[in-house]
*Asks:* 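Sending over a structure as structure tokens; questions will come in a sec.
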Amino acid sequence: MSTSEILRVALPVPLPQLFDYLPPGEGVPARPGGRVLVSFGNRKMVGVVVETSAGSALPAERLQRIEQVLDDGAQILDGKLIELLRWCWQYYKRAPGDVVASALPPALRSSRGRIPDPPQHYHLTDAGVERLAQPAGRARVLHAMLKALETGPVSGQSLAGIGSRWRKTLATLLDQGWVEAMPAPVPEPDTRPGPELIPDQAAAVKSVLAELDHFRCHLLDGVTGSGKTEVYMCLLEEVLSNGQQALVLVPEIGLTPQLLRRFRQRLGLDPAVIHSGLSAGERLASWDAARTGRAPLLVGTRSALFTPMPRLGLIVLDEEHDASFKQQEGFRYSARDVAVKRAAELDIPVVLGSATPSLESLQNAGQGRYGWLRLRERATRASMPAWRVLDLRQQTTSHGLARPTLDAIGQTLERNEQVMVFLNRRGYAPVLMCQSCGWFGSCERCDAHLTWHRRSGRLCCHHCGHQRRVPDLCPDCAADALVGAGEGTQQLEEYLERCFPDAPILRFDRDQISRKGVMDEQLDEVRRGEPCLLVGTQMLAKGHHFPAVTLVVIVNIDQALYSADYRALERMGQMILQVAGRAGRSDKPGTVMLQTLHPEHAALQLLLDKGYEAYASWMLEERNMAGLPPSGYQALLRADAHEKQDVERFLRSALAVFPQGVTRIFGPMPAIMERLGGRSRMYLVLLAESRSGLHGQVDAWLPRIRELPLARKVRWSVDIDPQEL
Ligand code: ADP
Ligand code: ZN
Ligand code: ZN
């Protein structure tokens with residue numbers, strides 16, 4: 001095949017390759033970065049052309065033509081982005097089609113989806129001005145719309161709602177030549193000055209600005225409340241006023257209306273926003289605004305990372321240690337690592353911010369590969385909170401709270417201040433148990449206890465979604481002896497209500513917040529500053545600025561101290577400091593009360609006495625001695641199936657064909673949650689001293705795994721740089 005070019009297309013199928021097609025017979029040509037419709041087997045599929053090639057390994061008679069070029073042949077993914085995606089599928093060992101599909105907004109994964117028309121603005125023509133000067137007569141709605149245009153061009157959105165059929169009215173006005181459409185102008189930033197920077201902030205801003213014109217990764221390591229967000233604002237101000245675009249990535253829970261408001265106020269423009277809570281249409285609109293350069297600023301969660309941005313000049317990733325930056329299924333990429341890669345390819349700076357940086361980033365900063373910008377004080381000059389460790393062995397507790405804790409809560413409320421009670425949700429949800437025989441509700445499909453939701457009278461598995469009604473009698477011994485055990489946020493809320501009847505209680509957890517708007521209402525109430533109690537889970541730990549909270553209670557942390565996951569201590573330290581960072585953020589000093597059965601635990605003491613940096617260097621040393629990340633490089637071969645036997649046999653046969661080399665391999669071992677959704681989960685662990693050694697062996701191994709007979713019977717995948725075991 002040399003007479004015509006071959007187009008190599010990424011298709012959403014789990015095969016580790018691109019697929020060759022001939023150019024379409026007629027019409028606009030297909031080109032790299034554009035969407036096409038092709039036949040694959042007996043199905044039609046949307047794919048993206050990745051590259052062209054002079055020939056194909058396939059015999060000519062087996063090559064098919066591309067059926068249709070979509071989007072009028074537009075290149076929707078630029079060459080740099082295609083290269084980034086290629087790096088991703090090679091690095092994460094994922095099928096190209098899967099990786100490319102996840103870079104597309106969901107609406108464009110089907111052939112019906114199309115790129116939206118660019119937004120228009122409307123203005124009156126001279127004829128329109130004349131018509132407006134005449135009496136409305138019977139055309140009252142029409143006249144009202146002309147009137148709305150009197151003061152200058154407006155968007156279609158601001159005409160919506162004039163009359164019941166505003167689109168039709170607008171069409172009439174356009175037909176009559178009274179109104180004209182033109183492309184909406186690109187918003188220009190209109191920045192307001194922020195507070196005067198304190199010296200650490202000013203130094204951080206200066207360091208990044210000095211190297212705006214090339215790739216450099218900066219770790220902005222600043223205690224909670226040290227003004228990291230203000231540093232981002234100063235950098236964004238500069239980049240946007242240079243006419244470039246900027247991408248800000250935040251953790252799932254971090255993308256609050258408050259944060260967006262802050263961008264709007266400070267930078268004078270509405271950021272385009274991408275997160276999983278938006279409708280497909282909204283996501284597409286934001287994506288397209290960024291892709292066409294109409295949106296100078298894009299703020300989003302993990303998946304926004306792959307948005308094409310033609311003039312991208314800066315990437316900021318806030319709370320870089322946050323676990324939600326790692327995708328935990330399918331294409332298991334780390335948005336942090338890929339963001340650094342994207343910045344390197346574009347030769348632009350990237351800023352990773354955190355009060356509790358990941359060990360990976362601290363190691364890179366320590367070895368000089370990243371710039372290390374430290375903010376050691378709180379910007380508002382508020383002091384860091386004081387710790388109070390409460391030894392639970394010497395206390396009786398009720399609903400998980402010890403007497404001194406209740407006293408401290410009462411005193412804080414009496415001083416008209418706010419209290420936050422933080423519950424680590426994992427392993428601490430309420431379960432229903434039988435006092436007579438010891439039965440408790442557990443999921444039939446997972447290794448998990450069912451969480452008891454008292455108000456709805458249901459037992460739910462928070463891992464697979466299984467639900468059932470609460471039984472009246474014990475299912476095992478039929479005794480009328482079912483009681484709740486363990487505390488959830490709901491019980492804690494009820495108990496606190498009884499103890500402090502005068503203080504309003506606001507609950508922040510997934511059940512409560514899933515109702516639209518509740519989070520905002522509650523946050524507004526907190527911000528009014530009246531005394532109140534906030535009860536919640538991880539959701540409270542991040543990013544929020546609650547000036548009136550002066551006492552934070554951490555109900556229980558002990559689980560992390562003895563976890564089987566070597567990252568548990570890192571996460572525990574981050575969680576404690578993030579939660580504690582909510583205390584005393586303004587003029588009044590804050591206190592953090594930590595309830596624990598293990599006050600003597602060495603790691604905990606180090607964290608509290610010496611702070612995160614010392615704690616992190618100790619953990620780094622431990623990891624170093626064990627050869628664990630970030631000292632070594634890890635990968636998992638994960639597998640699951642209904643029958644545990646199958647999983648085990650598959651992993652053993654994979655182990656048997658593992659190529660010789662420097663990588664050590666262990667297992668099979670059960671996942672920490674071995675049963676999930678009715679399937680058994682196990683894995684092999686690979687550990688190597690060099691990244692290239694690891695990748696070389698995995699690449700040689702994968703074709704051998706695919707040939708194993710069991711490879712079609714179990715579900716399996718490779719997880720590079722895993723975050724969960
Ligand atoms: P972080 O992102 O590090 O948690 P923020 O940027 O949210 O910190 O700042 C914490 C608080 O301090 C905010 O209320 C912010 O307005 C304020 N702040 C930040 N920088 C300054 C400054 N230079 N002077 C006064 N207040 C500041
Ligand atoms: Zn029983
Ligand atoms: Zn379950």
Side-chain angles (χ1 to χ4, degrees), residues 191-209 218-238 246 248-251 253-268 271 297 299 314-322 325 351-358 361 372-385 418 420 523-524 526-529 538-550 552 574-590 592 611-613:
T191 56
R192 274 337 94 78
E196 194 183 326
L197 297 182
I198 59 172
D200 278 354
Q201 282 175 314
V205 169
K206 196 168 156 222
S207 305
V208 182
L209 290 187
H218 305 268
L219 176 63
L220 182 62
D221 171 7
V223 296
T224 48
S226 59
K228 293 184 291 298
T229 312
E230 195 47 46
V231 170
Y232 306 148
M233 296 293 174
C234 294
L235 301 174
L236 293 171
E237 196 179 335
E238 180 69 19
V248 177
L249 297 176
V250 297
I253 303 169
L255 189 53
T256 59
Q258 287 68 37
L259 181 73
L260 295 175
R261 200 180 303 152
R262 212 166 148 186
F263 281 111
R264 200 173 307 129
Q265 281 167 356
R266 183 75 169 69
L267 303 172
L297 176 60
V299 180
L314 172 70
I315 303 177
V316 170
L317 200 127
D318 190 29
E319 310 286 6
E320 65 91 31
H321 63 279
D322 194 278
F325 284 122
V351 177
L352 308 179
S354 175
T356 51
S358 62
S361 297
W372 197 349
L373 312 171
R374 283 185 244 201
L375 311 179
R376 294 185 179 81
E377 296 168 38
R378 287 186 156 181
T380 50
R381 317 258 170 207
S383 49
M384 294 306 282
Q418 298 175 340
M420 196 171 112
L523 288 174
D524 282 343
V526 178
R527 227 164 268 115
R528 276 199 291 279
Q538 265 79 346
M539 208 168 268
L540 272 178
K542 288 177 193 160
H544 303 295
H545 185 60
F546 300 135
V549 171
T550 58
V552 171
Q574 290 164 342
M575 185 274 286
I576 289 181
L577 290 188
Q578 294 285 339
V579 177
R582 304 309 117 208
R585 302 235 321 172
S586 59
D587 45 352
K588 293 181 202 130
V592 180
Y612 186 74
E613 202 172 318

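Sequential numbering from 1 along the given sequence is applied to the chain's residues. Whatever order the structure lists ligands and atoms in, that order sets their numbers, starting from 1.
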*Asks:* Using heavy atoms and a 4.0 Å limit, tell me yes or no: is G222 in contact with ligand 1?
*Replies:*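 It does not, in that no heavy atom of G222 comes within the 4.0 Å cut-off of ligand 1.
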*Asks:* Using the side chain to side chain donor-acceptor pair (under 3.5 Å) criterion, which residues pair with R266? Sequence neighbours excluded.
*Replies:*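 For R266 the side chain to side chain donor-acceptor pair (under 3.5 Å) partners, ignoring immediate neighbours, are E230, E237.
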*Asks:* Out of Q578, E230, R262, whose heavy atom sits nearest atom 15 (C) of ligand 1?
*Replies:* R262
*Asks:* Kindly confirm or rule out an N or O of T224 lying under 3.5 angstrom from an N or O of ligand 1.
*Replies:*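 N/O-N/O distance below 3.5 Å does not exist for this pair.
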*Asks:* Is a side-chain donor or acceptor of Q201 paired with a backbone partner of A379 at a separation under 3.5 angstrom?
*Replies:* no
*Asks:* Check ligand 1 against E196 and write out every atom of the ligand that is under 4.0 Å from a heavy-atom position of the residue.
*Replies:*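 In order of numbering, the contacting atoms are 22 (C), 23 (N), 24 (N).
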*Asks:* Just to verify, what does D221 make a side chain to side chain contact (heavy atoms under 4.5 Å, CB included) with, not counting sequence neighbours?
*Replies:* L219, P357, L362, W372, R374
*Asks:* Which ligand 1 atoms are under 4.0 Å away from a heavy-atom of I198?
*Replies:* 23 (N)
*Asks:* Can E320 and S358 be counted as having a side-chain donor-acceptor contact under 3.5 angstrom?
*Replies:* yes
*Asks:* How close do R378 and T224 get, counting heavy atoms only, and between which atoms?
*Replies:* NE-O, 3.0 Å
*Asks:* What do you reckon, does G227 have a nitrogen or oxygen under 3.5 Å from a nitrogen or oxygen of ligand 1?
*Replies:*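 Yes, since at least one N or O of G227 sits under 3.5 Å from an N or O of ligand 1.
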